[in-house]
Amino acid sequence: MTANEPNRRRFLARLLAASGALFLASCDRLSGTVWFPKLLKSGEKLSQATQHLVTSRHSMAQEFTEADLSPTFRSNGTANPDDERYQFLAAGEFAAYRLKVFGLVEQPATFSLDELRALPARSQITRHDCVEGWSAIGKWKGAPLSALLARVHPRPEARYVVFYCADPMDAEGTKYYESIDMEDAYHPQTILAYELNGKPLPIANGAPLRVRVERQLGYKMAKYIMGIELVSSFESIGEGKGGYWEDQGYEWYAGI
Ligand SMILES: Nc1nc2c(c(=O)[nH]1)N[C@H]1C(S)=C(S)[C@@H](COP(=O)(O)O)O[C@H]1N2
Ligand SMILES: [Mo]
């Protein structure tokens with residue numbers, strides 16, 4: 001320990017207290033059992049910078065065993081996109097589905113489901129936490145987003161990965177979309193899932209493809225992904241703050 005250490009500690013303690021991290025630490029006993037620790041009221045929400053101090057962005061989300069699987073994995077939000085193109089693809093069991101990857105990449109590409117299945121696969125049993133107050137444990141299988149990115153070669157300016165979904169426009173004329181930063185994009189548990197509990201991803205849970213960003217809350221896990229764009233800022237894709245719920249006031253960084 002250096003002479004500066006006590007000072008540094010006091011500084012950190014003040015910083016953490018100010019940002020609500022002590023509140024978080026005292027709730028740590030609960031982590032692993034309920035969704036509560038991932039979800040902090042907006043006033044208690046840590047700044048992204050402070051989160052870097054408290055928990056490493058490289059840490060892994062907890063994984064579970066087959067015995068922990070929820071009997072059913074419920075559906076939330078859109079359960080079957082009322083969209084002509086989507087319904088056409090679903091009727092053909094997504095044989096004509098092509099994931100389009102574009103934006104700040106050297107090699108824009110499209111991927112069929114078979115091509116996505118041919119990428120290295122990862123399975124993980126994780127807990128999904130929805131801000132509406134429910135959780136479910138499911139087993140997801142898919143291609144790590146990092147493997148997909150390796151195919152399209154992101155440009156150095158790329159800072160965010162944006163997911164565009166098949167959901168039709170809502171009453172306000174906005175469509176479901178989501179975004180994550182490159183750190184989460186390359187995280188080993190960030191996968192483009194095409195299977196849930198050993199079966200092809202059901203339509204209710206996002207068929208044919210949905211993202212899992214395991215350290216974040218449910219609304220980040222975009223379902224019905226039709227396109228992926230790499231961008232340097234959200235200004236380049238419109239007025240939004242990086243996601244459907246974020247545009248309505250939810251935190252962009254919804255995790256720990
Ligand atoms: N395209 C799309 N993705 C979405 C949603 C949605 O309505 N449309 N809802 C989000 C929310 S709030 C949650 S909790 C999860 C629900 O996933 P599930 O239907 O598999 O339970 O998907 C998220 N991703
Ligand atoms: Mo949710």
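We count ligands from 1, going down the list as the structure has it; atoms in each ligand are counted the same way. From a predicted model like this one, the values you see are computed outputs, not experimental measurements.
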Under 4.0 Å from any heavy atom of [X], which atoms of ligand 1 are there?
X      : result
Met221 : 22 (O), 23 (C), 24 (N)
Tyr224 : 1 (N)
Tyr219 : 10 (C), 11 (C), 12 (S)
Gly77  : 7 (O)
Asn76  : 9 (N), 12 (S), 14 (S), 16 (C), 18 (P), 19 (O), 21 (O)
Ala204 : 19 (O)
Cys130 : 14 (S)

Measure from [atom] to every heavy atom in [options] and give the option owning the shortest one.
atom                    : options                : value
atom 17 (O) of ligand 1 : Lys220, Met226, Arg210 : Arg210
atom 11 (C) of ligand 1 : Cys165, Ala193, Gly218 : Gly218
atom 3 (N) of ligand 1  : Arg74, Arg212, Lys223  : Lys223

Region of [X] engaging ligand 1 - heavy atom pairs below 4.0 Å:
X      : answer
Asn205 : both
Pro81  : neither
Trp134 : side chain

Determine yes or no for a side-chain-to-main-chain donor-acceptor pair under 3.5 angstrom, with [X] supplying the side chain and [Y] the backbone.
X      : Y      : answer
Lys220 : Trp252 : yes
Lys241 : Phe234 : no
Tyr224 : Ile203 : yes
Gln216 : Ala254 : yes
Ser70  : Ile137 : yes

Fit a plane to each ring of Tyr177 and Tyr164, take the angle between them on a 0 to 90° scale, and name the class: parallel (under 30°), tilted (30 to 60°) or perpendicular (over 60°).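 Aromatic pair Tyr177/Tyr164 classed parallel.
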Glu93 CD: over 12 foreign heavy atoms closer than 6.0 Å: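 Incorrect, the count does not exceed 12.
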[X] touching ligand 1 at heavy-atom level, < 4.0 angstrom:
X      : answer
Glu132 : no
Ala136 : no
His128 : yes
Tyr244 : no

Single hit among Arg215, Glu63, Glu214 for side-chain hydrogen bond (donor to acceptor under 3.5 Å, both in side chains) with Gln189: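 Of all the options given, the one that passes is Glu63.
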Looking at [atom], what's its closest protein heavy atom, distance included?
atom                   : answer
atom 8 (N) of ligand 1 : Asp167 OD2, 2.7 Å
atom 4 (C) of ligand 1 : Tyr176 CZ, 3.5 Å
atom 7 (O) of ligand 1 : Thr78 N, 2.9 Å

With hydrophobic residues grouped by side-chain heavy-atom distances under 4.5 Å, do Met60 and Ile191 end up in a single group?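 No; tracing contacts between hydrophobic side chains, which count when under 4.5 Å, never links both residues.
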Under a plain distance cut-off of 3.5 Å, with no hydrogens placed, do Asn205 and Ser75 share a side-chain donor-acceptor pair?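 No, because no side-chain N or O of Ser75 sits under 3.5 Å from a partner of the opposite role on Asn205.
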Working note: Tyr244 + Asp167, criterion side-chain hydrogen bond (donor to acceptor under 3.5 Å, both in side chains); need CA distance, chi angles, decisive distance, verdict. CA-CA 11 Å; Tyr244 177 82; Asp167 313 39; over 6 Å; no
In Å, rounded to the nearest 0.5 Å, how long is the span from OG of Ser179 to CG of Leu230?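 Answer rounded to 0.5 Å: 11.0 Å.
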